[in-house]
Structures are given as structure tokens and as C-alpha cells.
Amino acid sequence: MSGTSRRSPKETESKHLPIYRHRDKLVQAVKSSTFLVVTGETGSGKTTQLPQYLHEAGFCKDGRIGITQPRRVAAITVAQRVAQEMQCTLGKEVGYQVRFDDCTSQDTQVKYMTDGCLLREILADPGLSQYSVIILDEVHERSLNTDILMGLLKKIFSDPDKATKGRSFPLKVVVMSATLETEKLSAFLSDCPVFAIPGRAFPVTCTFGSAVGPKDIESTAYVKEVVKVALDVHTSEMAGDILVFLTGQSEIERACDLLFEKAECIDYRYDVHDRTVEGLLILPLYGSMPTDQQRQIFQPPPKGIRKCVVATNIAATSLTINGIKYIVDSGFVKQLNHNSRVGMDVLEVVPISKSEAQQRAGRAGRTSPGKCFRIFSKDFWETCMPEYTVPEIQRTSLTAVVLTLKCLGVHDVVRFPYLDRPEERFILEALKQLYQFDAIDRRGTVTDLGKLMVEFPLHPGLTRAVLRAASVGCEDLLLPVAAMLSVENIFIRPGHPEKQKQADQRHRALAAKTGSMNDFATLLSVFQLCKSSDRPSAWCKDNWIHWRALKSAFSVETQLREILLRLQQKRDFPAETFDGNKSELFRRCLCTGYFNNVARRSVGKVFCTMDGHGSMVHIHPSSSLFDQEAELNWVIFHDVLVTSRVYIRTVCPIRYEWVKDLLPKLHEVDVYELSSVAREEVTEEEMVKWEMKEAAKRPSEVSAADAMKKMEKRSTDSSVSDARARYLQRKQQRQQSKAL
DNA sequence: AGAAAAGGT
């Protein structure tokens with residue numbers, strides 16, 4: 001064990017970091033307290049230096065130092081830099097671990113990892129016995145996993161046995177955050193000391209606009225406005241690159257088009273993603289863009305040319321672009337919110353929080369003083385923007401989280417120490433779902449099945465389907481599907497109308513090949529066809545399939561298969577026999593995981609969900625079932641998308657008989673008691689009647705009963721339909737702005 | 001008759 005310090009060229013550099021003066025005091029602070037909060041803006045050096053200080057101060061005598069990051073790339077790149085500074089080979093004294101990439105060894109004393117990795121480790125070793133110090137970094141981002149880790153680490157110390165067992169001195173916990181809500185963090189961790197490190201950011205002057213006021217929450221005027229402001233900056237401000245924040249791909253492409261048109265310039269490059277106009281280089285940036293195109297963003301522009309990057313929120317935390325001096329902020333972001341009133345996740349455009357606006361502004365002051373142009377008014381700032389972003393844990397489905405907690409022995413998941421407590425109905429909804437999956441019993445205790453389920457890095461519904469498949473011996477059908485559904489969308493749909501037509505045609509052909517009108521089967525087929533192809537990447541290109549996404553589906557499938565094998569060898573695995581054809585077997589396995597997502601044809605092309613909400617939904621145009629009329633009465637679906645209508649996407653026809661035993665279970669669970677459930681024979685008619693009656697109890701929502709009554713009037717008075725109305729309004733505005 | 005933000009096990 002080496003605790004001696006080593007001199008390196010890099011070390012001289014690190015001595016100039018703001019954190020260096022505080023070195024001894026920091027080490028002392030960690031020594032004298034169980035919990036410590038360290039705050040400091042980007043550039044203070046806390047992420048790279050603190051672990052090294054602790055390492056040299058001898059904290060690795062008793063175990064490792066573990067540092068968590070919310071993102072993979074960050075964990076890897078920081079580890080690389082620290083290994084360099086400590087002059088050791090990456091993977092030896094300094095290492096990192098992220099999914100699919102474990103670069104650590106027996107010698108690893110400083111270990112960077114994603115927060116999800118540490119959570120997995122806690123499942124295997126609740127006392128974290130191999131660590132002497134745990135450092136949670138970027139806590140202010142409030143990622144779901146980091147929030148859970150905060151609660152778990154706090155809880156470890158309420159159980160003195162856990163915090164000291166197998167150690168010569170107790171575990172230390174350091175929480176690192178930007179200078180936000182530090183009192184709250186300290187109060188949460190037994191009023192622990194807060195250590196503030198000055199940052200090294202340059203001042204950014206912010207100005208407010210007048211185009212977006214409190215009445216414009218639903219408007220899309222901001223796209224035109226950011227374009228106008230960006231051009232103003234280009235013509236009237238000193239040299240320096242521009243970063244524009246918008247919400248999504250189509251919006252960004254439209255803004256780039258507008259920028260290009262309005263600059264009245266000549267397109268002398270044929271590549272749409274590399275256009276230079278009037279000394280302005282316009283570059284779109286969003287997550288699903290090809291990586292090599294993303295890389296272009298980081299290159300400095302040619303001499304005398306100003307770069308203008310039009311980006312999603314990806315540029316707020318995940319990517320840092322050098323040379324940015326001007327920010328143009330739309331004030332909006334696209335966010336996935338779980339709506340427990342209609343029991344589904346909805347992707348929607350919402351105003352950002354004040355703290356997020358400040359984070360965006362800060363992107364202009366990394367290398368020199370900068371300016372931030374907010375297109376919204378001061379009034380909008382005051383009345384429409386919340387102080388802080390609602391943390392993920394309060395706006396996401398908690399099913400997987402609750403299962404993890406239960407498996408860690410947290411029985412009372414409602415009273416778990418959350419930094420911000422989720423609404424109780426979210427937790428109860430999660431408990432109900434887990435009960436329906438047989439992952440917990442009626443007293444809320446984890447079942448053997450639940451213990452198997454927690455091992456899989458998947459949504460519990462998908463896991464349930466995979467386990468059912470494994471017990472009847474058809475996991476080869478379900479593992480690829482589970483993998484495909486847990487990576488980003490693999491079907492490419494370009495913006496260009498002609499190419500769009502081509503892509504749609506290809507995808508339709510792929511679906512037709514299966515001959516089964518089942519979108520899950522299409523996914524399976526795409527997986528298999530590409531895997532067995534000689535030139536998989538060319539195959540993807542031909543078929544408008546996202547090669548990067550498919551590659552990650554391949555790795556996920558391999559990982560899932562390994563986990564399944566390990567469990568089958570280790571434990572008594574449930575087994576059942578089933579006779580019937582393969583297609584039926586496949587679909588019945590899916591039903592085991594998706595009985596929350598059942599819909600039945602109501603009138604014409606309208607389907608009604610049978611989840612107790614009775615929402616009216618349509619089949620999405622990308623589905624192979626889209627134009628199928630008759631004989632198709634019951635379906636299950638993977639997810640819901642709210643745009644011009646409420647669409648269900650990735651759909652599969654089923655028979656009522658396959659879900660009838662599961663549906664009553666769905667409705668009769670008393671979530672407060674999770675009490676015993678009667679399994680009675682229920683006919684299809686009774687089922688539908690029940691759903692209509694339940695739907696009628698909620699007049700404010702889109703219900704089957706409502707829809708039947710007002711079908712001609714095309715009623716839209718519901719929370720889901722609110723989203724639809726907003727969408728239509730936006731669409732209208734878009735068309736108007738195009739016409740102008 | 002029509003479409004997807006960012007992460008992560």
C-alpha cells in the first residue's frame with residue numbers, strides 16, 4: 001500500500017487549482033467527521049484532487065476510495081486524468097467501473113464509477129465493506145441513483161453494525177455539489193460541516209427579453225425568437241462562439257434552417273450539417289446524432305468564422321464546448337414526467353428552473369467573461385420558473401427503485417430517508433405494480449421471484465416477461481426483445497420527406513417479413529437478421545436502422561443472458577411446461593409483463609386501456625398494426641406517446657383468455673393494505689363493463705364512458721387531452737410561422 | 001394518417 005506522494009509534471013499544474021490551498025483543512029475535515037459536504041463550482045478541481053489528497057493522507061490503508069458520477073463518460077475521463085496525475089497505469093491504483101467496462105484490479109485504491117454501479121454493489125454488499133471513503137459527486141444534479149444512494153448511506157449509520165462491521169475504522173461519506181441548497185444537504189446528513197471551495201468561473205452578464213412572457217408557456221414563439229437573438233449577437237457582438245438552448249431534434253433543425261435562411265447566405269457546402277453563412281458556422285447538436293457529427297462540434301471554427309451551436313440540454317451538463325462566449329436561452333426543456341393520474345409517462349416541454357437557467361448561463365464563462373441572452377421576460381422568470389428543478393425521484397415511475405429498496409431490507413419504503421420525498425401515491429403505485437408481478441407478497445415482503453427480478457438491469461415488467469420465458473424455455477425469444485426495448489429507438493426516421501418515405505418503406509418491409517403483425521416480433525427479427533448478417537453495419541444502413549443503438553442492444557442481450565445463466569445455476573428456478581405454437585408462447589410471455597398495458601378495441605380505430613384508467617388511445621402509425629381493422633380486439637403495448645393523439649407504440653395482438661386472470665388482479669388490489677385478492681372467473685363483457693364504470697367515476701379524465709358518449713363531438717376534456725390540445729395549438733402556430 | 005431528452009444498472 002503506497003501512501004507516499006509522487007512528483008509529476010501534472011502535479012505542478014494541479015497546485016494552481018483553487019482547491020490546493022485547502023488541502024490540509026479538507027483532509028482534516030474528512031478525518032474529523034462522518035459526513036462532509038464539499039461545495040464548489042466547476043473548475044475548482046474537487047473531482048480530481050480530493051480523492052488524491054485522501055489517498056496520500058492514508059485513507060486507503062483500510063479500503064478503497066469510491067467516487068460516483070452520474071455519467072459514464074465522466075467516470076472514465078476523470079479516472080484517466082487522475083491516473084495520469086498519479087503516474088500510474090489506469091486500472092491499477094486508479095481505476096473506473098461502468099456498465100460493460102470494468103477497469104479495476106486488486107490494487108485499485110481510487111475507483112471512479114457511475115452511481116448505478118455503486119447501487120449494484122450495495123445490493124451485493126450492503127455495508128460497502130471494501131470502501132473506506134465514499135464520495136458522491138455532482139449531487140446537485142439529483143439523479144435518481146444518487147438520491148437513492150444518499151438515503152442508503154444515511155441509513156447505514158442508523159444501523160451501527162453495518163457501518164463498523166469488518167472495518168478497523170468507520171466509513172466516511174463525502175457529498176460534493178455545486179453551491180446550491182448546501183444547508184439542505186448538511187441538514188440531511190446530521191447537520192454535518194460544509195466545506196466551500198471557490199470556483200474559477202468568469203462572470204456572465206444575463207439579460208432578459210420580452211418575447212416570451214407568463215402567457216406564452218404553451219407557445220412555440222421561442223424558436224423564432226432564439227434565431228433572431230442569435231443573429232443579433234452575430235452582427236453586433238465581439239468575437240466568440242454562440243450556444244443556443246432548445247428542446248428537441250425537430251426544433252433544432254427548424255432553428256438551423258431559419259438561421260440559415262435569415263442570414264441570406266449561400267449554401268456552398270452540400271452537407272446540411274456543415275453550413276457556413278456570413279461568417280457563421282451553424283451546427284445542430286442532440287443526443288441521437290451520429291458520434292462523428294457530434295465530434296465536429298468541438299473543433300474550433302476556421303479563422304474569422306463564428307461558431308453557433310444549436311443544442312438540446314445535452315450541452316448543459318454532458319458536453320462542454322470550449323470557446324463559448326454567448327448563450328441564447330429559450331428557457332424551455334423537454335422532460336419525461338410520470339403522470340400517476342393516467343398511469344403513464346408523458347414527454348412534455350416545460351419551462352426550466354431558475355437554477356437550470358443559471359447553469360446554462362455558466363456555460364458562457366468557462367474561459368473568459370461571457371454574456372447570456374434570455375429570450376423570456378423577467379416576469380416569466382418570476383412567475384413561471386421554479387427555484388429548482390423537481391428531482392427525478394419525484395417525477396418518475398418508482399417500480400424498479402422500490403424493488404431495489406425492498407431487496408436491501410428497506411421494508412418501509414414510504415418512510416425511507418429521501419432527500420426529497422416522492423408523493424405517496426407514486427410509491428403506492430409502485431408497490432401495487434410489484435405486487436401484481438408477484439415480486440412482493442401481500443404484506444409487502446419480497447418474494448423469491450422479486451429477488452430474481454432485482455438482478456436484471458431492466459424495467460420490472462420486461463424482467464417479468466423474461467423470467468416467464470426462461471421458465472418455459474423460450475428465453476431466446478424474449479432476451480433480444482428486452483434488450484431492444486431498453487436501448488434508444490433503433491428505427492431511424494430522417495427529416496427529409498423523400499428519405500422519410502424510403503425509411504418507412506424499409507421498416508414496413510421488415511415488419512412484413514415476420515408475417516405476424518406484432519411489433520415485438522419485428523424487434524426480435526431485426527435483432528436476429530442483423531446479428532446473422534455478414535456486414536451488420538451496412539445492413540443497418542440499408543434498412544434505416546440505428547447501428548449504434550443496435551450494437552448496444554447486442555451487449556445488453558449478452559449481459560442479460562449471463563445474468564440469467566448465473567441465476568439458473570445458483571438457484572432453484574421456476575419451471576413450467578407449455579404446449580402451443582411459438583407465436584402464442586412468445587405473446588403469452590409478454591402478457592406476463594405487460595398486463596398493465598392492455599387495451600381493447602372500443603369503436604373503429606379507438607382503443608380503451610384496461611388498466612383501471614379507461615383512457616382512449618390510438619395505435620401509432622409506426623406500428624405494423626396501424627391500419628389493421630378487424631379481428632383485432634385485444635392488444636398489449638410497450639409505451640405511450642402523446643402528440644396529436646394519445647398513441648400506443650410497439651403493439652402486439654393478444655387474446656382475452658391470456659390476460660383474464662391477470663386483469664381482475666389489477667383492479668382489486670387495495671394499495672393501502674395490499675390485502676388478499678380474489679381470483680374469480682370474469683367474462684370479457686363483465687370486464688369491459690367494470691372498466692366503463694370505473695372510467696365514469698373520473699369525469700375529468702379521458703374515459704371510455706366519456707368517449708362513447710361524446711364520440712361525435714370529439715371530446716377533449718382530460719389531462720391526456722390537455723396535452724393533445726397543447727400540441728395542436730403548437731402545430732397551428734408552427735404552420736402559421738412557416739406561412740409567414 | 002404520422003413521430004422520439006438526457007442519463008444509467
Side-chain angles (χ1 to χ4, degrees), chain A residues 68-75 97-102 113-124 138 141-149 245-253 285-289 311-319 332-337 345-350 352 356 389 392 396 400-401 403-404 453-460 462-463 483 486-495 497 500-501 503-504 507-508 546 549 552 555-556 559-560 563 604-605 618-623 626-627 638-645 647-650 727 731:
Chain A
T68 68
Q69 295 290 324
R71 282 171 297 282
R72 295 167 55 98
V73 215
Q97 186 184 356
V98 297
R99 189 182 189 183
F100 303 128
D101 191 359
D102 182 357
M113 60 188 129
T114 50
D115 48 12
C117 271
L118 186 62
L119 203 51
R120 287 278 127 183
E121 278 187 33
I122 292 193
L123 270 169
E138 312 284 11
E141 286 186 26
R142 305 298 306 275
S143 85
L144 181 61
N145 288 333
T146 297
D147 265 24
I148 297 296
L149 284 170
F245 280 106
L246 282 173
T247 74
Q249 175 178 348
S250 61
E251 216 172 76
I252 285 168
E253 270 161 9
L285 171 64
Y286 43 84
S288 62
M289 242 168 62
T312 58
N313 232 19
I314 194 172
T317 47
S318 308
L319 297 176
F332 289 94
V333 71
K334 209 173 268 184
Q335 207 172 58
L336 186 69
N337 291 320
D345 289 336
V346 182
L347 192 64
E348 51 190 356
V349 174
V350 294
I352 56 173
E356 208 172 332
T389 308
E392 205 183 346
T396 188
V401 167
L403 179 60
T404 308
M453 282 173 66
V454 80
E455 300 286 332
F456 289 85
L458 291 174
H459 182 274
L462 271 176
T463 308
S486 53
V487 301
E488 53 184 316
N489 187 10
I490 56 144
F491 296 105
I492 297 171
R493 192 156 198 266
Q500 203 170 83
K501 234 169 124 185
D504 289 353
H507 296 161
R508 243 161 259 267
H546 217 300
S552 68
S555 341
V556 173
Q559 186 191 31
L560 297 177
I563 294 170
K605 290 186 170 179
H618 287 75
I619 292 181
H620 194 271
S622 65
S623 170
F626 176 63
D627 41 15
H638 174 68
D639 63 352
V640 183
L641 187 69
V642 181
T643 51
S644 57
R645 276 175 169 163
Y647 285 110
I648 52 176
R649 209 166 42 159
T650 318
Y727 174 85
K731 193 171 174 178

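These values consider heavy atoms only, across backbone and side chains, with no hydrogens, waters or symmetry-generated copies. So that the names make sense, note that chain A is the first sequence line, chain B the second, and so on, each numbered from 1.
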[X] [atom1] to [N] [atom2], straight-line distance once rounded to whole Å:
X         : N      : atom1 : atom2 : answer
Glu253(A) : dA3(B) : CD    : C1'   : 13 Å
Phe626(A) : dG2(B) : CZ    : C1'   : 7 Å
Met113(A) : dG8(B) : CE    : C1'   : 14 Å
Phe100(A) : dT9(B) : CZ    : P     : 8 Å
Glu348(A) : dA6(B) : CD    : P     : 17 Å
Leu119(A) : dG7(B) : CG    : C1'   : 15 Å
Leu285(A) : dA5(B) : CG    : C1'   : 12 Å
Glu141(A) : dA6(B) : CD    : P     : 15 Å

Picking from [options], which would you name as closest to the side chain of [X]?
X         : options                : value
His620(A) : dA6(B), dA3(B), dA5(B) : dA3(B)
Arg72(A)  : dG8(B), dA3(B), dG7(B) : dG8(B)
Leu336(A) : dA6(B), dA5(B), dG2(B) : dA5(B)
Ser622(A) : dA3(B), dT9(B), dA6(B) : dA3(B)
Gln249(A) : dA5(B), dA3(B), dG7(B) : dA5(B)

For [X] and [N], is the shortest distance between a side-chain N/O and OP1 or OP2 below 4.0 Å?
X         : N      : result
Arg649(A) : dG2(B) : no
Thr312(A) : dA6(B) : yes
Thr114(A) : dT9(B) : yes

Checklist entry - Stepwise, does the side chain to side chain contact (heavy atoms under 4.5 Å, CB included) test hold for Asn337(A) with Glu348(A)? => result CA-CA 7 Å; Asn337(A) 291 320; Glu348(A) 51 190 356; 2.9 Å; yes
Next on the checklist: Assuming nearest nucleotide by heavy-atom distance, tell me which of Pro457(A) and Gln335(A) is located more 5' along DNA chain B.
Outcome noted: Gln335(A)
Item to check | Nearest-nucleotide 5' precedence on DNA chain B, Ser486(A) against Lys334(A) | outcome: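 Counting from the 5' end, the first nearest nucleotide belongs to Lys334(A).
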Under 4.0 Å, heavy atoms only, any strand: does [X] hit a base, just the sugar-phosphate, or nothing?
X         : value
Val333(A) : nothing
Thr317(A) : nothing
Arg493(A) : base
Asp504(A) : base

Next on the checklist: One pair to check against side chain to side chain contact (heavy atoms under 4.5 Å, CB included): Leu560(A) and Phe456(A). What are the steps and the verdict?
Outcome noted: CA-CA 7 Å; Leu560(A) 297 177; Phe456(A) 289 85; 4.0 Å; yes
Item to check | Any donor-acceptor N or O pair under 3.5 Å, side chains Glu251(A), Thr247(A) | outcome: yes
Next on the checklist: Working to the nearest 0.5 angstrom, can you tell me the gap between Asp504(A) CG and Arg493(A) CZ?
Outcome noted: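 If we round to the nearest 0.5 Å, Asp504(A):CG and Arg493(A):CZ are 4.0 Å apart.
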Next on the checklist: Here's a test for you: under side-chain contact (heavy atoms from CB on, under 4.5 Å), which of Val349(A), Ile352(A), Asn313(A), Thr389(A) qualifies with Gln335(A)?
Outcome noted: Thr389(A)
Checklist entry - Do you know which of Asp115(A), Leu119(A), Thr114(A), Leu118(A) makes side-chain contact (heavy atoms from CB on, under 4.5 Å) with Thr146(A)? => result Asp115(A)
Checklist entry - Hey, is Tyr647(A) doing a stacking thing with dA3(B), by the 5.5 Å centroid and 30° angle criteria? => result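 Check failed, Tyr647(A) does not stack on base of dA3(B).
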